[in-house]
Amino acid sequence: MDVIHKIGRRKTAVARAYVSEGKGNITINKKALTDYFTTGTLQYKVKQPLVLTNNDGNFDITVNVYGGGITGQAEAVRLALSRAMCEIDAENRGILKPEGLLTRDPRMVERKKFGQKKARKKFQFSKR
């Protein structure tokens, strides 16, 4: 098996995952998974596609991720890994699809409008 390259996105975060056979090492931006995503919740999100497909220690994964915040980055990595698991074995699609891990979350930040304080908030009106 050669290296599988997949892309995942969430909000403004973009993750490029490279999956190859190995012992289960996960490297994100040249750091270990536990060093980059310090909370257990984010580590769980990243490992979720691997745990559901029983591939937790079978692959070495290298990820380059940029943009967005830490949660958006974790969910972008999760989407990239889910897509990679589907390419490795087509049966994994039936496991990941009902969990919603193959759906790209389309929600983005709404732009600020002119004449307003934020996207929807207006400037305060005062009657003097």
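We're numbering straight along the sequence, starting at 1.
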Visitor: Consider only side-chain heavy atoms of I, L, V, M, F, W and Y, link residues closer than 4.5 Å, and tell whether Leu42 and Val14 are in one cluster.
Guide: no
Visitor: With no hydrogens and no angle check, is any side-chain donor or acceptor of Lys118 less than 3.5 Å from a backbone partner on Gln116?
Guide: no
Visitor: Would you indicate whether the side-chain heavy atoms of Glu21 and Asn58 approach each other to under 4.5 Å?
Guide: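 SC-SC contact between Asn58 and Glu21 ruled out.
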Visitor: Applying side chain to side chain contact (heavy atoms under 4.5 Å, CB included), run through Ile61 and Ile28 and close with a yes or a no.
Guide: CA-CA 8 Å; Ile61 299 165; Ile28 299 172; over 6 Å; no
Visitor: Find out if a path of hydrophobic residues (ILVMFWY) with successive side-chain heavy-atom gaps under 4.5 Å connects Val65 to Ile4.
Guide: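 Yes, it is one cluster - the side chains of Val65 and Ile4 are joined through contacts under 4.5 Å.
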Visitor: Got a sec: does the CD of Glu110 have more than 12 other heavy atoms crowding it under 6.0 Å?
Guide: yes
Visitor: Take Val19 and Ile88, measure what side chain to side chain contact (heavy atoms under 4.5 Å, CB included) needs, and give me the verdict at the end.
Guide: CA-CA 9 Å; Val19 180; Ile88 289 167; 4.0 Å; yes
Visitor: OG1/Thr39 to OH/Tyr44 distance, rounded to the nearest 0.5 angstrom?
Guide: 13.5 Å
Visitor: Which heavy atom of Leu52 sits nearest to which heavy atom of Ile95, and what is that distance?
Guide: O-CG2, 3.7 Å
Visitor: Any non-hydrogen side-chain atom of Met108 less than 4.5 Å from a side-chain atom of Thr12?
Guide: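 Yes, close enough: below the 4.5 Å cut-off.
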Visitor: Pair up each side-chain donor or acceptor in residues 69-87 with any protein partner under 3.5 Å, not counting sequence neighbours, and list the distances.
Guide:
{"residue": "Gln73", "atom": "OE1", "partner": "Tyr36", "partner atom": "OH", "Å": "2.7"}
{"residue": "Gln73", "atom": "NE2", "partner": "Gly67", "partner atom": "O", "Å": "3.0"}
{"residue": "Glu75", "atom": "OE1", "partner": "Arg10", "partner atom": "NE", "Å": "2.8"}
{"residue": "Glu75", "atom": "OE2", "partner": "Lys45", "partner atom": "NZ", "Å": "2.8"}
{"residue": "Arg78", "atom": "NH1", "partner": "Gln48", "partner atom": "OE1", "Å": "3.0"}
{"residue": "Ser82", "atom": "OG", "partner": "Arg78", "partner atom": "O", "Å": "2.9"}
{"residue": "Ser82", "atom": "OG", "partner": "Leu101", "partner atom": "O", "Å": "3.4"}
{"residue": "Arg83", "atom": "NH1", "partner": "Ile7", "partner atom": "O", "Å": "2.6"}
{"residue": "Glu87", "atom": "OE1", "partner": "Lys6", "partner atom": "NZ", "Å": "2.7"}

Visitor: Looking at every non-hydrogen atom in both residues, tell me the closest pair between Asn25 and Asp60 and how far apart they are.
Guide: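 Smallest heavy-atom distance, with atoms named: N-OD1, 3.0 Å.
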Visitor: Heavy atoms only: give me the nearest Arg104-Arg9 pair and the separation to one decimal.
Guide: NH2-CB, 3.6 Å
Visitor: In the structure I gave you, are the side-chain heavy atoms of Thr53 and Leu96 within less than 4.5 Å of one another anywhere?
Guide: yes
Visitor: Could you give the distance from NZ (Lys117) to CD (Gln124), rounded to the nearest 0.5 Å?
Guide: 8.5 Å
Visitor: Step by step, work out the side chain to side chain contact (heavy atoms under 4.5 Å, CB included) result for Leu33 and Val46.
Guide: CA-CA 9 Å; Leu33 171 68; Val46 170; 3.9 Å; yes
Visitor: Mind checking what makes side-chain contact (heavy atoms from CB on, under 4.5 Å) contact with Val51, not counting sequence neighbours?
Guide: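 By the side-chain contact (heavy atoms from CB on, under 4.5 Å) rule, Val51 matches Lys47, Asp56.
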Visitor: Quick one: salt bridge (Lys or Arg N to Asp or Glu O under 4.0 Å) pairs with a partner in residues 25-35, sequence neighbours left out?
Guide: none
Visitor: Measure the shortest side-chain to side-chain distance between Arg16 and Tyr18 over non-hydrogen atoms and say whether it is less than 4.5 angstrom.
Guide: yes
